[in-house]
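I have placed the structure first, in the form of structure tokens, so that the comments after it can refer back to it.
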Amino acid sequence: IDHFNHTKYIEASDTLFKLLEKNELELNLTIIRYFNVIKDKRIIPYLLNFMDSPNWEERSTAIKCSELYINKRIETKLLELMKDSNWYVRSNSANIYINGSNIVPIMNELKTTKDEFQKDIILYTLFKKHLINYDYYQKQIKGSDLDE
């Protein structure tokens, strides 16, 4: 499957969808990575299912792949997964969800969330992407009012 990724061999898609039915972790992860290179919108329902997986690696890998397939359902799921107990899942969700064009909704989420995991990962990602400065980041970490 990695060979198909490197050669961008799109004809493998149908076979890989059939292989997803085996529901084997390593196989699933490899197939998800394939669809991060070869765009095929038929993967979207699988990505959403993998984002609900009890396995953090499947959730995290599906999140990374979702960047090619952003839609309202995926955005909603990414926002929800910023509350996940696994740091990699939260981080990948924030990195995919947060970009310069959706800064207002994410700042609104930051103001209203009661989830400390979500608040922390939003602030960290905004800072890392240079969408907020260090002073603002420090004030928020210390719990000051977001409207300052």
Side-chain angles (χ1 to χ4, degrees), residues 1-134 136-137 140-141 143 146:
I1 297 173
D2 286 337
H3 172 73
F4 298 148
N5 280 351
H6 298 303
T7 60
K8 299 191 185 317
Y9 186 70
I10 196 165
E11 286 79 13
S13 296
D14 290 336
T15 302
L16 295 178
F17 279 114
K18 290 176 186 167
L19 287 174
L20 282 173
E21 294 171 14
K22 291 186 175 197
N23 200 25
E24 295 174 10
L25 176 63
E26 291 303 319
L27 187 58
N28 290 349
L29 295 174
T30 304
I31 292 170
I32 294 168
R33 288 185 198 108
Y34 168 85
F35 287 107
N36 197 27
V37 175
I38 304 298
K39 190 169 183 178
D40 187 330
K41 290 187 178 201
R42 295 179 295 168
I43 195 66
I44 293 173
Y46 293 94
L47 292 177
L48 289 164
N49 284 338
F50 287 132
M51 288 180 188
D52 285 329
S53 171
N55 183 286
W56 73 267
E57 290 173 290
E58 281 185 331
R59 292 194 311 274
S60 183
T61 305
I63 291 163
K64 284 182 179 181
C65 183
S66 73
E67 186 170 24
L68 291 178
Y69 306 96
I70 293 294
N71 63 29
K72 204 63 166 159
R73 287 175 57 207
I74 288 176
E75 283 183 344
T76 300
K77 195 66 174 167
L78 292 172
L79 201 55
E80 175 188 318
L81 287 168
M82 284 184 227
K83 299 175 184 177
D84 195 275
S85 62
N86 182 278
W87 187 88
Y88 293 102
V89 171
R90 290 193 309 272
S91 179
N92 287 342
S93 297
N95 278 312
I96 300 301
Y97 183 88
I98 297 172
N99 61 50
S101 66
N102 67 356
I103 193 76
V104 172
I106 202 66
M107 293 305 283
N108 288 336
E109 185 69 24
L110 186 58
K111 289 178 183 180
T112 60
T113 188
K114 302 289 187 234
D115 189 285
E116 288 302 314
F117 281 149
Q118 186 184 38
K119 180 179 179 181
D120 178 64
I121 203 65
I122 290 171
L123 285 168
Y124 175 75
T125 304
L126 289 169
F127 176 68
K128 189 172 77 171
K129 290 187 172 198
H130 307 287
L131 296 171
I132 60 173
N133 65 29
Y134 182 75
Y136 185 86
Y137 178 72
Q140 302 320 308
I141 293 298
L146 286 168

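We number each residue from 1, following the sequence as shown.
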Closest contact, heavy atoms only, Lys83 versus Phe117: O-CD1, 4.0 Å

Starting at CD1 of Ile44, measure out to SG of Cys65 and round the result to the nearest 0.5 Å. 9.5 Å

Output for pair (Glu67 CD, Ile74 CD1), nearest 0.5 Å, gives 11.0 Å

Closest heavy-atom pair, Asp84 versus Asn86, reported as atoms and distance to 0.1 Å, is OD1-N, 2.8 Å

Name the orientation class of the two ring planes belonging to Tyr46 and Phe17 (parallel below 30°, tilted from 30 to 60°, perpendicular beyond 60°). tilted

Donor-acceptor contact present, side-chain Lys22 to main-chain Leu27, <3.5 Å: no

From CG (Leu25) to OG1 (Thr30), nearest 0.5 Å: 9.0 Å

Check: Leu48 and Tyr69 side chains under 4.5 Å, non-hydrogen atoms: no

For the residue pair Ile106 and Met82, establish whether any side-chain heavy-atom pair is separated by less than 4.5 Å. yes

So, does Thr125 use its side chain to make a donor-acceptor pair with the main chain of Ile121 at under 3.5 Å? yes

Determine the minimum heavy-atom distance between Phe35 and Leu68, stating which atoms define it. O-CD1, 3.6 Å

Which distance, rounded to the nearest 0.5 Å, do you find between the CE of Met51 and the OG1 of Thr76? 11.0 Å

Okay, side chain of Thr61, backbone of Glu57: is any donor-acceptor separation there less than 3.5 Å? yes

To the nearest 0.5 Å, what is the distance between OG (Ser60) and CG (Asn55)? 10.0 Å

Does any N or O in the side chain of Ser66 come within less than 3.5 Å of the main-chain N or O of Ile63, such that one atom is a donor and the other an acceptor? yes

Any heavy-atom pair between the side chains of Tyr97 and Ser93 that's under 4.5 Å? no

Tyr134 side chain vs Phe127 backbone, donor-acceptor pair below 3.5 Å: no

Nearest 0.5 Å, what's the CG-CD distance between Leu123 and Gln118? 10.5 Å

Do you know which two heavy atoms are closest between Asn36 and Lys64, and how far apart they sit? OD1-O, 3.8 Å

Is Lys77 paired with Glu80 through a side-chain N to carboxylate O contact shorter than 4.0 Å? yes

Heavy atoms only: give me the nearest Arg59-Pro54 pair and the separation to one decimal. NH1-O, 3.1 Å

I want to check something: taking the side chain as every heavy atom from C-beta on, are Trp56 and Ser85 in contact at a cut-off of under 4.5 Å? no

Ile70, Asn95, Ile98 screened by side-chain contact (heavy atoms from CB on, under 4.5 Å) with Leu78, the one that passes: Ile70

Taking Thr112 for the side chain and Asn108 for the main chain, is one N or O donor matched with an acceptor at less than 3.5 Å? yes

Heavy-atom side-chain proximity of Leu126 to Leu110 below 4.5 angstrom: yes

